[in-house]
Amino acid sequence: MPRSFCLQLMSLLWILAAHHHFIQVAGDDCSDHCNLAHGSCEKDGKCRCDPGWEGKYCEYCVRMPGCGHGTCHQPWQCICQTGWAGKFCDKDVHVCEHQSPCKNGAECVYDRDGEYSCLCLEGFHGKDCELKTGPCEKAGFPCKNGALCHDNNGFASNYTCKCLAGFTGAHCEIDVDDCLMRPCANGATCLDGINRFSCQCQVGFEGRFCTINIDDCASQPCRNGAKCYDRINNFDCLCPESFAGKTCELLAPEATWITESQPDAKDHNRAPGSTTSSYSWMTQSEPSKVMVTGKRITNYSEKSNDGGLLISVKEVVTQQDSGLSQSQLILVLVFGGITIVLVLVTVLLLLKNWQRGRQRSQSPSQTARKLQDQECQVGMLSTILIEPRKTTEL
């Protein structure tokens with residue numbers, strides 16, 4: 001056991017020594033090659049570059065972003081190479097010599113720093129003389145309301161106007177009527193705009209097209225447990241029993257007794273100008289008692305000692321007489337007459353068909369009778385012709 005333990009301990013010490021030596025050697029290699037002015041060595045032996053420098057040992061500077069044909073001595077520089085100019089070294093100094101950018105016979109002139117200019121011929125213009133004085137320029141760019149004039153850079157025979165949304169016409173001078181299709185509903189007023197419209201809604205409606213009926217029951221106007229029904233700019237409340245009113249806020253009227261005195265028979269002889277009516281068939285005063293409620297009126301007869309008239313009415317609901325109106329009566333009569341005519345026509349057709357069937361059923365019997373008559377006649381003739389022959393033979 002002690003021997004094996006010693007061996008393990010020695011192997012562990014050897015591994016630690018070798019690892020330390022490797023790190024030291026790696027560190028020495030990094031410091032020997034890495035440009036410590038532009039970077040630093042890490043523990044793993046790698047060279048980490050400072051911002052603006054790149055490469056394995058941080059030996060290259062980073063150029064300015066966008067630098068085309070240039071180099072750098074310090075980070076973010078763009079030093080142009082021979083034949084190139086500009087901030088990003090992207091302009092050819094010999095642009096007029098290599099391939100002239102000027103068009104339509106224009107002359108290229110080099111200015112400096114890679115810049116050039118074109119001497120255009122008569123009737124042409126633009127940076128590279130690519131534009132021609134065409135119909136748009138001659139007409140003074142006639143397109144209106146922000147429209148673009150197109151003439152194929154002046155080479156077209158005529159110009160055209162490309163209108164913005166909401167305009168039409170040869171020169172885009174006509175504002176399109178966005179209310180032409182009547183997009184607003186429920187009697188709303190349509191207000192035309194530029195490529196848009198707006199709806200001025202009637203009272204009780206809302207929304208872009210005024211199609212939403214405002215819920216008048218949203219505020220819960222009905223009271224005492226009543227059910228609310230939404231209407232157009234209005235509402236109705238279905239009140240429970242014993243409540244009434246627009247919002248069911250009132251108590252329904254209680255039963256009220258009305259006492260009327262009817263005249264006795266002895267008042268029959270009163271003066272004609274008396275306000276009390278006389279009835280000869282009545283023998284005594286019989287006051288009537290009327291109960292008036294909010295739903296119905298019920299009459300009761302009851303004797304009373306006093307002859308006065310006591311009336312106390314809180315609410316009386318009148319009911320229309322049930323029956324047909326004049327227009328409904330006319331409709332009933334018209335439809336009734338049409339129905340009667342149809343029934344008569346149907347009966348006549350049935351009778352006619354029945355007679356035809358009867359005639360067809362009788363026709364075979366008549367032909368049979370005719371055949372029998374003919375056979376009888378033939379038999380009689382044959383007997384008449386045979387009898388004389390017999391007499392002659394005798």
Q: Between the main-chain N or O of Gly68 and the side-chain N or O of Asp90, is there a donor-acceptor pair closer than 3.5 Å?
A: no

Q: Hey, could you give me the SG/CD distance between Cys89 and Gln81, rounded to the nearest 0.5 Å?
A: 7.5 Å

Q: Do the side-chain sulfurs (SG) of Cys190 and Cys199 come closer than 2.5 Å?
A: no

Q: What do you reckon, is CZ of Phe155 surrounded by more than 12 foreign heavy atoms closer than 6.0 Å?
A: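 Yes, enclosed.
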
Q: Is it true that the SG atoms of Cys108 and Cys96 are less than 2.5 Å apart?
A: yes

Q: Using a cut-off of 6.0 Å, state whether more than 12 heavy atoms not belonging to Lys246 lie near its atom NZ.
A: yes

Q: Does Glu107 have more than 12 heavy atoms from other residues, nucleotides or ligands lying within 6.0 Å of its CD?
A: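 12 or below, so no.
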
Q: Considering all heavy atoms of both residues, which atom of Lys103 and which atom of Cys129 are nearest to each other, and what is their separation?
A: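 Here Lys103 and Cys129 meet closest at O-CB, 3.5 Å.
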
Q: Which value, rounded to the nearest 0.5 Å, describes the distance between Asn213 atom CG and Asp215 atom CG?
A: 7.5 Å

Q: Quick check on Ile194: does its CD1 atom have over 12 non-hydrogen neighbours (other residues, nucleotides or ligands) under 6.0 Å away?
A: no

Q: For Cys136 and His150, work out which heavy atoms get closest and say how close.
A: SG-N, 3.7 Å

Q: Let's test your reading of the model: do Cys61 and Cys72 have SG atoms under 2.5 angstrom apart?
A: yes

Q: Report the relative orientation of the aromatic rings in Trp84 and His69; use parallel for angles under 30°, tilted for 30 to 60°, perpendicular for over 60°.
A: parallel

Q: Assess the cysteine pair Cys163 / Cys172: is their SG-SG separation shorter than 2.5 Å?
A: yes

Q: Less than 4.5 Å apart, side chain to side chain, heavy atoms only: is that true for Asn158 and Pro135?
A: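 They are not in contact (no side-chain heavy atoms under 4.5 Å apart), so the answer is no.
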
Q: Name the residue from Cys237, Cys248, Cys239 that meets the disulfide bond (SG atoms under 2.5 Å apart) definition with Cys222.
A: Cys237

Q: Using the test ring-ring contact (aromatic ring centres under 6.0 Å, His included), find all partners of Tyr57 that sit at least two apart in sequence or belong to another chain.
A: His33

Q: Mind checking who shares a hydrophobic cluster with Tyr116, ILVMFWY linked at side-chain heavy-atom distances under 4.5 Å?
A: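 Via sub-4.5 Å side-chain contacts, Tyr116 links to Val93, Val95, Tyr110.
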
Q: Assigning hydrophobic clusters by single linkage (Ile, Leu, Val, Met, Phe, Trp, Tyr; side-chain heavy-atom cutoff under 4.5 Å), is Val332 placed with Ile340?
A: no

Q: So, Asp178 side chain and Arg196 main chain: donor-acceptor pair closer than 3.5 Å or not?
A: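 Checking the backbone N and O of Arg196 against the side chain of Asp178, a donor-acceptor pair under 3.5 Å is found.
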
Q: Can you measure from CD (Glu59) to CG (Asn35) and round to the nearest 0.5 angstrom?
A: 8.0 Å

Q: Are we looking at SG atoms under 2.5 Å apart for Cys118 and Cys102?
A: yes

Q: Have Tyr159 and His171 got a donor and an acceptor in their side chains that come within less than 3.5 Å?
A: yes

